[in-house]
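What follows is a single structure, written as structure tokens, with notes after it.
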Amino acid sequence: MFLSACAVALHLLLSSSGDDTDWPQWRGPNRNGHAVGARLPVRWPETFPAPQWRAPVGIGYSSPVIAGGRLFIMGRDTSGNEVCYAFDAATGKPLWSHRYPSTFEPPDPTAGKGPNSTPTVDKDRVYMLGLGGMFHCLDVKTGRVLWKHDLEAEYWGVEKDAVGQEAWRPVCGASASALVDGREVIVPVGGKKAGAFAGFDRATGRLLRKSLDDRSSYASPLRGELAGVSQIVGFTGTRMVGLDARNRNLLWEHPFKAMYEQTIITPVLRKNQVIVCGEARPTVALEIANENGKWTAKTAWQNADLSAYLTTPVVFGERLLGYDQKTRRPVCIDPATGTTVWTGPRIGRMFMGLTVVGDRILALSDSGELLVLEANPQEYKEIGRWKLAAPGTIWSLPALVGNRLYIRDQESVTCFELPSAG
């Protein structure tokens, strides 16, 4: 399990990343797995449309993002360089690339060499984090380096843990995706020098503030409102936390001691709940409350039917949909009570990328099958499924903008144009 986790580990709204129907960051415009303004066909064809374009991007698990007509993604080339790419999202024409050497390798070769982090686009800038800790801010139009940090050289390598490993970096490399919150770009760095949540100035790259001295997480943080207070919510290497968005003070925490600090999954926010998954444990819903200035995170329910390892669940209507690592099935839960409503058939191996599109859900399995499901609160209803991706494990989320679907496999990124709605 450790080896598999290593391979991934892995302002709720961006300030402005272009059109609000773009897919400019991890899990879409609002970091919740919902495609805004996407257009799906009413009747799906028996044969899936041929690719509009395909471009090689090398190995890795970085997901594609799209903003302002450009697609951004990371990969590793055959020379061992990590590469930041930009393509024309409509045609696949290469616009620019930025290469740099990266010698970091996870402890076991089966973990993969990354990069795993998904880019984040904010206006004129795109932020890309490499597996070994090279963090770049690039100009979206030209790829020019505006600023960068070498997290390994600047913030890690300070001390070792009890078993002799780097104390602050995730064991298998940096995999989280940056969160833009106003003037800050928040990245899980870890440790005493930069904190588990480091806030860099988006314009200059200067470290503005740090929060908590925990080891870094593979998971990506998000911003949302809980109990009337705007918060930064996310994993450190050892716990789920909520930080006051104004001053980054710790408001509440929920311990999550995982082997090799395998905190991978992005939290899901629903009303005043924070839904926590990971390490194939039962899913837990925390009820966040503030009573007379005292914050609490009490367990509202647990559900062992949904024991997720890599897949972040999505909320649709009054339901929660996730992927159970143990049974390899999609599982739908009533998040108000924690009861299982339905389960689907066995699909894939350990990951499923979930995207909500109105009354439909797109589910991309790690074996390259795309499933279209009804967003049905009562039962599993499959509209169709197609094999789309080349052989090789897929642990990247698809991106959907308008009627264009973008999928990354282990060799390339592919654009499909879906039939027009109606």
Keeping the roles fixed (side chain from Y323, backbone from I347), state whether a donor-acceptor pair exists under 3.5 Å.
yes

Under a 3.5 Å distance rule, please check whether D366 uses its side chain to pair with a backbone N or O of F351 as donor and acceptor.
yes

Between D244 (side chain) and N249 (backbone), is there a donor-acceptor pair under 3.5 Å?
no

Check whether any side-chain N or O of K113 sits under 3.5 Å from a backbone N or O of I59 as a donor-acceptor pair, and report yes or no.
no

Please give me the minimum heavy-atom distance between D139 and T142, naming the atom from each residue.
OD1-N, 3.0 Å

Look at the rings of H136 and H98 and say which category their plane angle falls in: under 30° parallel, 30 to 60° tilted, over 60° perpendicular.
perpendicular

Would you check, one step at a time, whether the test side chain to side chain donor-acceptor pair (under 3.5 Å) holds for R54 with T414?
CA-CA 4 Å; R54 177 176 285 128; T414 304; 2.9 Å; yes

Does the side chain of L129 come within less than 4.5 Å of V187's, by heavy atoms?
yes

Under a 4.5 Å cut-off applied to non-hydrogen side-chain atoms, are I232 and D181 in contact?
yes

Shortest non-hydrogen contact from S367 to G348?
OG-CA, 4.1 Å

Stepwise, does the salt bridge (charged side-chain N to carboxylate O under 4.0 Å, His left out) test hold for D213 with K192?
CA-CA 5 Å; D213 290 346; K192 299 174 182 178; over 6 Å; no

Sorted by chain and residue number, the salt bridge (Lys or Arg N to Asp or Glu O under 4.0 Å) partners of K326 (sequence neighbours excluded) come out as none

Given side chains that start at C-beta, do those of D150 and Y100 come closer than 4.5 Å, heavy atoms only?
no

For a quick test of reading the model, state the closest non-hydrogen atom pair linking S216 to V189 and the distance between them.
CB-O, 3.1 Å

Does any non-hydrogen side-chain atom of M128 lie less than 4.5 Å from one of S117?
no

Atom OG1 in T266, atom CG in N32: separation rounded to 0.5 Å?
11.0 Å

Give a yes or no on whether the backbone of E411 and the side-chain of D409 come within a donor-acceptor separation of less than 3.5 Å.
yes

Mind telling me whether F87 and Y85 have parallel, tilted or perpendicular rings, with 30° and 60° as the class edges?
parallel

Start with the C-alpha distance between W301 and Q273, add both sets of side-chain angles, then the distance that settles side chain to side chain contact (heavy atoms under 4.5 Å, CB included), and finish with yes or no.
CA-CA 10 Å; W301 52 260; Q273 284 184 346; 3.7 Å; yes

W395 vs L310, test: side chain to side chain contact (heavy atoms under 4.5 Å, CB included). Steps then yes/no.
CA-CA 8 Å; W395 287 345; L310 304 176; 3.7 Å; yes

Please evaluate residues I394 and Q410 with respect to the criterion side chain to side chain contact (heavy atoms under 4.5 Å, CB included), reporting the C-alpha separation (whole Å), side-chain torsions for both, the decisive distance (0.1 Å), and the verdict.
CA-CA 7 Å; I394 296 173; Q410 270 296 289; over 6 Å; no

Pick one: which of T283, L320, L354, L321 meets side-chain contact (heavy atoms from CB on, under 4.5 Å) with P313?
L320

Please determine if R281 forms a cation-pi arrangement with F256, meaning its NZ or CZ atom is less than 6.0 Å from the six-membered ring centre and no more than 45° off the ring axis.
yes

Interatomic distance, F197 atom CZ to S217 atom OG [nearest 0.5 angstrom]:
7.5 Å

Kindly compute the distance separating CZ (R125) from OG1 (T120), expressed to the nearest 0.5 Å.
14.0 Å

The single option from R246, R209, K210, R202 that satisfies salt bridge (charged side-chain N to carboxylate O under 4.0 Å, His left out) with E184 is R209

Flag for R248-S211: side-chain donor and acceptor within less than 3.5 Å:
no

Set out, in order, the CA-CA distance, both residues' side-chain angles and the distance that settles salt bridge (charged side-chain N to carboxylate O under 4.0 Å, His left out) for K257 and E279, then state yes or no.
CA-CA 10 Å; K257 296 286 188 181; E279 207 187 32; over 6 Å; no

Which pairs count as salt bridge (Lys or Arg N to Asp or Glu O under 4.0 Å) when at least one residue sits in residues 78-102, sequence neighbours excluded?
R76-E82, D77-R99

Full working for side chain to side chain contact (heavy atoms under 4.5 Å, CB included) between L286 and T299
CA-CA 5 Å; L286 305 176; T299 299; 4.0 Å; yes

Is any side-chain heavy atom of R408 less than 4.5 Å from a side-chain heavy atom of S62?
yes

Is K141 paired with D124 through a side-chain N to carboxylate O contact shorter than 4.0 Å?
no

With no hydrogens and no angle check, do the side chains of N303 and T340 hold a donor and an acceptor under 3.5 Å apart?
yes

Please list, one pair per line, the donor and acceptor atoms closer than 3.5 Å that link side chains of residues 329-336 to other protein atoms, with sequence neighbours excluded.
from : atom 1 : to   : atom 2 : distance (Å)
R329 : NH1    : G344 : O      : 3.1
D334 : OD1    : A336 : N      : 2.9

Supply the atom-to-atom distance W156 CH2 to R215 CZ, rounded to the nearest 0.5 angstrom.
10.5 Å

Please confirm whether the backbone N or O of V140 pairs with a side-chain atom of W96, one donor and one acceptor, at under 3.5 Å?
yes

Smallest heavy-atom separation, A308 atom then C277 atom, equals CB-CB, 3.9 Å

Is a side-chain donor or acceptor of Y218 paired with a backbone partner of C172 at a separation under 3.5 angstrom?
yes

Kindly determine whether W147 and F135 satisfy ring-ring contact (aromatic ring centres under 6.0 Å, His included), including the steps that lead there.
CA-CA 9 Å; W147 53 261; F135 183 44; 5.6 Å; yes

With a 4.5 Å limit on heavy-atom distance, are the side chains of Y127 and V180 in contact?
yes

CA sep, side-chain torsions, deciding dist, call: R169, E152, salt bridge (charged side-chain N to carboxylate O under 4.0 Å, His left out)
CA-CA 8 Å; R169 180 190 60 224; E152 177 72 43; 2.4 Å; yes

Of all heavy-atom pairs linking P29 and P24, the shortest is CA-CD, 3.7 Å

Heavy-atom pair of closest approach, residues A90 and R404
CB-NH2, 3.7 Å

When rounded to the nearest 0.5 Å, the distance separating CG of L362 from CE of M352 is 11.5 Å

Would you kindly say whether Q25 and R31 are connected by a side-chain donor-acceptor distance under 3.5 Å?
yes

Just checking, is any N or O donor in the side chain of R223 or S230 under 3.5 Å from an acceptor N or O on the other one?
yes

Just verifying a value: how many Å separate R360 CZ and L400 CG, rounded to the nearest 0.5 Å?
13.5 Å

F200 and Y155 aromatic ring geometry - parallel, tilted or perpendicular at 30°/60° bounds
tilted

Measure the shortest side-chain to side-chain distance between L212 and V241 over non-hydrogen atoms and say whether it is less than 4.5 angstrom.
yes

Go through F416 and F48 one step at a time and tell me if the ring-ring contact (aromatic ring centres under 6.0 Å, His included) criterion holds.
CA-CA 9 Å; F416 298 91; F48 207 82; 5.4 Å; yes

Is any side-chain heavy atom of S97 less than 4.5 Å from a side-chain heavy atom of C84?
no

